[in-house]
Amino acid sequence: MTGAARADQWLAAAVASKKFERPDAVVAKNQVVSEEIHRQVDMDMARTYSKMLFGHQAPENEVVHRRQQVTNLMIKWLEGEETLTYMQGMNHVMATCFREIGEENAAMKVFDHVIRQADENLFHSDGDKFFAANQGLAEKLREMIGKESPKVAERLAEGDIDYLPMLVQNWLIDIFLHVLPTEAAARLWDHVLASEGESYEPQDSRSTHGCFF
């Protein structure tokens, strides 16, 4: 799925979401974005590569312009967000939303929707809430591995290090965008957002994070 069909599907999922309804998500509320966060966004955007921004290699002047567009969208979203904060990896998510959607306000709506799909507290400024979200998702992943791949679960249990919280943070902080090829990650989003667009109702503990995993 590419082009207009993907954009329509992603936006429809964001607009129709019952999990989180925020019609004013793109309206700035004049939250103060600190200089430290501004610097972090700028540094991360400077490392956001052409394929993430365009889906292909582009001339450097176009890359610089697109990075600034995505930076502006990221800051605008932060100005309108009262609870969550910026974390490294959000640059990839915003770049992907703008690349596929093409219109700024619509891209921000999809961004706002997507980052909340596993557990929005992964992006919470409160460290305790972030830790609890990460640990909770790690336990869901452990449960799924135990059911689907008992031998893998046994090997993981034998180790001295619990890798699952690290995997959860690494995978979900930018919704798999840096661990999968660009188009493969977009197809994963297609699957999850298509389920939502069809009014998919998660069963028990298998909410959207289950679809991702």
Side-chain angles (χ1 to χ4, degrees), residues 13-14 17-22 25 31 33-34 36-37 40-41 43-44 47-48 52 74 77-78 80-97 110-181 184-193 195-196 200-213:
S17 174
K18 297 178 182 179
K19 182 175 180 179
F20 186 86
E21 296 181 2
R22 197 173 109 183
Q31 299 293 313
V33 180
S34 70
E36 180 181 356
I37 290 180
Q40 186 65 54
V41 172
M43 286 191 297
D44 291 344
R47 297 190 290 262
T48 305
M52 185 75 73
M74 192 75 255
W77 179 83
L78 288 165
E81 174 54 46
E82 297 178 330
T83 304
L84 309 186
T85 189
Y86 177 79
M87 291 192 181
Q88 190 175 34
M90 282 182 159
N91 53 308
H92 293 160
V93 180
M94 185 65 86
T96 298
C97 291
V110 173
F111 170 87
D112 187 87
H113 175 65
V114 167
I115 64 168
R116 301 175 192 273
Q117 292 315 291
D119 188 327
E120 67 180 48
N121 286 329
L122 286 174
F123 304 96
H124 206 288
S125 56
D126 184 326
D128 290 338
K129 290 187 176 183
F130 164 80
F131 179 79
N134 193 54
Q135 292 295 316
L137 288 167
E139 290 308 311
K140 294 295 184 186
L141 179 57
R142 195 185 320 278
E143 178 184 335
M144 293 178 67
I145 292 172
K147 291 179 179 178
E148 302 292 338
S149 303
K151 290 184 178 180
V152 173
E154 289 177 11
R155 293 294 300 273
L156 288 171
E158 292 170 358
D160 295 329
I161 300 174
D162 184 3
Y163 290 100
L164 295 189
M166 291 184 283
L167 286 175
V168 165
Q169 183 175 357
N170 194 41
W171 290 348
L172 296 182
I173 206 70
D174 68 356
I175 323 297
F176 292 93
L177 288 171
H178 78 286
V179 295
L180 290 175
R187 289 199 300 271
L188 176 63
W189 288 28
D190 289 341
H191 171 70
V192 176
L193 296 178
S195 296
E196 293 199 347
Y200 169 78
E201 293 294 340
Q203 299 295 320
D204 302 321
S205 63
R206 289 188 66 113
S207 60
T208 308
H209 64 257
C211 294
F212 278 124
F213 289 148

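Residue numbers count from 1 along this sequence. Because only heavy atoms are used, hydrogens play no part in the values below, and waters and symmetry mates are left out as well, while side chains stay in. If you're wondering where the values come from, they're calculated on a predicted model, not measured in any experiment.
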* Structure fact -> Separation between CE (M94) and CG (L177), nearest 0.5 Å, reads 12.5 Å

* In Å and rounded to the nearest 0.5 Å, what is the CD to NE2 distance from Q117 to H113? -> 3.5 Å

* **Crowding at CD, E36 (>12 non-hydrogen neighbours, <6.0 Å)** => no

* To do: Let me know which of L137, L156, N134 forms a side chain to side chain contact (heavy atoms under 4.5 Å, CB included) with L164.
  => L156

* Asked: Is it true that a side-chain atom of W171 and a backbone atom of V179 form a donor plus acceptor pair closer than 3.5 Å?
  -> no

* Asked: Yes or no on side-chain contact (heavy atoms from CB on, under 4.5 Å) for D119 and F123, after CA distance, side-chain angles and deciding distance?
  -> CA-CA 8 Å; D119 188 327; F123 304 96; over 6 Å; no

* Do you know the tightest heavy-atom contact between A153 and G146? -> CB-CA, 3.9 Å

* Structure fact -> Closest non-hydrogen atoms of C97 and W189, given as atom of the first, atom of the second and distance, are SG-CZ3, 3.9 Å

* Indicate the atoms forming the closest heavy-atom contact of T96 with M52, along with that distance. => OG1-SD, 3.4 Å

* Which atom pair, heavy atoms only, marks the closest approach of A13 to L193? -> CB-O, 3.5 Å

* To do: First locate atom CZ of F111, then atom CZ of R116, and finally report the distance between them rounded to the nearest 0.5 Å.
  => 9.0 Å

* Where do M90 and D174 land on the side-chain contact (heavy atoms from CB on, under 4.5 Å) test, with the steps shown first? -> CA-CA 6 Å; M90 282 182 159; D174 68 356; over 6 Å; no

* Asked: Is there a donor-acceptor contact under 3.5 Å from the side chain of D190 to the main chain of L188?
  -> no

* Is D44 salt-bridged to R47, cutoff N-O under 4.0 Å? -> yes

* Closest heavy-atom contact between A133 and N121? -> CB-CB, 3.7 Å

* Asked: Taking all atoms of both residues into account, what is the closest heavy-atom pair of V93 and I173, and its distance?
  -> CG2-O, 4.5 Å

* Asked: Please, which pairs that meet salt bridge (Lys or Arg N to Asp or Glu O under 4.0 Å) have at least one residue in residues 124-139, sequence neighbours excluded?
  -> E139-R142

* Structure fact -> Interatomic distance, CD@E81 vs CD1@I115, rounded to 0.5 Å, equals 7.0 Å

* Asked: In terms of heavy-atom contacts, does CZ of R155 have more than 12 from other residues, nucleotides or ligands at under 6.0 Å?
  -> no

* **Spatial distance of atom CH2 (W77) from atom OH (Y86) [nearest 0.5 Å]** => 11.0 Å

* To do: Would you check if the side chain of S149 reaches a backbone N or O of I145 as a donor-acceptor pair within less than 3.5 Å?
  => no

* Asked: To the nearest 0.5 Å, what is the distance between CD (E82) and OG (S125)?
  -> 12.0 Å

* With the side chain counted from C-beta on, respond yes when E120 and L84 share a heavy-atom pair under 4.5 Å apart, and no when they do not. => yes

